[in-house]
Amino acid sequence: MALRKILVLNGPNLNLLGTRQPEIYGHDTLDDIAARLTAQGEALGLAVECRQTNHEGVLVDWLHQAKREGVHAVLLNAGAYTHTSIALLDAILATELKVIEVHLSDPETREPFRHLSYVGMAAIDCVKGLGAKSYEVALERAAAL
Ligand code: CA2
């Protein structure tokens with residue numbers, strides 16, 4: 001039987017991870033995180049695919065594609081689009097995908113403009129504030145869905 005697929009989608013500026021603001025986002029690069037998630041996925045019997053884009057519409061397109069391809073769950077760190085994007089909220093609602101919101105930091109303890117999450121209005125779960133470990137906890141939760 002084919003492995004269940006988990007898509008890990010990362011939004012704007014997350015390609016800079018590990019190079020700037022390590023006091024907030026840690027020292028791991030996105031490639032480090034992707035490598036660990038892939039290995040963790042193999043242990044859990046999941047096929048993990050990680051992607052990053054700086055473009056809102058590309059995230060919307062990837063959610064539509066995930067629905068068409070029958071992806072089991074999506075881990076979504078939409079970066080700043082978390083707090084602004086009704087398009088992403090609509091895409092999650094329209095696709096009815098199981099989306100787990102992920103954040104390295106805890107936006108609710110940061111500036112007030114980060115307290116609102118449009119992604120959170122449609123996501124089934126949220127893991128935040130654990131640095132790169134947020135993705136690993138989210139993947140464990142996705143495996144249990
Ligand atoms: O904590 C998170 O994971 C965030 O989604 C990160 C976003 C931020 O806008 C959200 O409020 C919380 C920002 C990602 C920017 O990534 C950088 C990585 C390295 C250096 C600078 C920015």
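The first residue in the sequence is number 1, and the count goes up from there. Atoms within each ligand, like the ligands themselves, are counted from 1 in listed order. Every heavy atom of this structure was used, including side-chain atoms; hydrogens, water molecules and symmetry mates were not.
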Please test Asp32 against Thr29 for side-chain hydrogen bond (donor to acceptor under 3.5 Å, both in side chains), starting from the C-alpha separation and ending with a verdict.
CA-CA 5 Å; Asp32 295 333; Thr29 66; 3.2 Å; yes
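Salt-bridge annotation for Lys128 and Glu101: absent, with no side-chain N of the basic residue lying under 4.0 Å from a carboxylate O of the acidic one. Of the charged side-chain nitrogens involved, none lies within less than 4.0 Å of a carboxylate oxygen, so that Arg114 and Glu108 do not count as a salt-bridged pair. Lys67 has no carboxylate O lying under 4.0 Å from a charged side-chain N of Glu69, or vice versa, which leaves the two without a salt bridge.
Residue Leu63 forms a side chain to side chain contact (heavy atoms under 4.5 Å, CB included) with just one option from Leu7, Asp90, Leu9, and that option is Leu9.
An N or O contact shorter than 3.5 Å is missing between Thr82 and ligand 1 by distance. For the pair His103 and ligand 1, the shortest N or O to N or O distance falls below 3.5 Å. Some N or O of Leu104 is nearer than 3.5 Å to an N or O of ligand 1, by distance alone. Between Asn77 and ligand 1, at least one pair of N/O atoms sits closer than 3.5 Å.
The closest approach between a heavy atom of His83 and any atom of ligand 1 is below 4.0 Å.
The nearest protein atom to atom 6 (C) of ligand 1, hydrogens excluded, is given as Tyr25 CE2, 3.6 Å; this is a heavy-atom distance. Closest protein heavy atom to atom 15 (C) of ligand 1: Asn13 CB, 3.7 Å. For atom 1 (O) of ligand 1, the nearest non-hydrogen atom of the protein is Ser105 OG, 2.5 Å. Closest to atom 21 (C) of ligand 1, if we only count protein heavy atoms, is Gln21 OE1, 3.2 Å.
Expressed to the nearest 0.5 Å, how far CG of Asp28 lies from OH of Tyr135 amounts to 10.5 Å. Taking CZ from Arg4 and CG from Leu44, the interatomic distance works out to 8.5 Å, rounded to the nearest 0.5 Å. Atoms OG1 and CD1, from Thr38 and Ile33 in turn, are 11.5 Å apart once rounded to the nearest 0.5 Å.
Listed by number with element, the atoms of ligand 1 under 4.0 angstrom from any heavy atom of Ala80 are 9 (O).
Closest to atom 9 (O) of ligand 1 by heavy atom, among Glu108, His115, Arg114, is Arg114.
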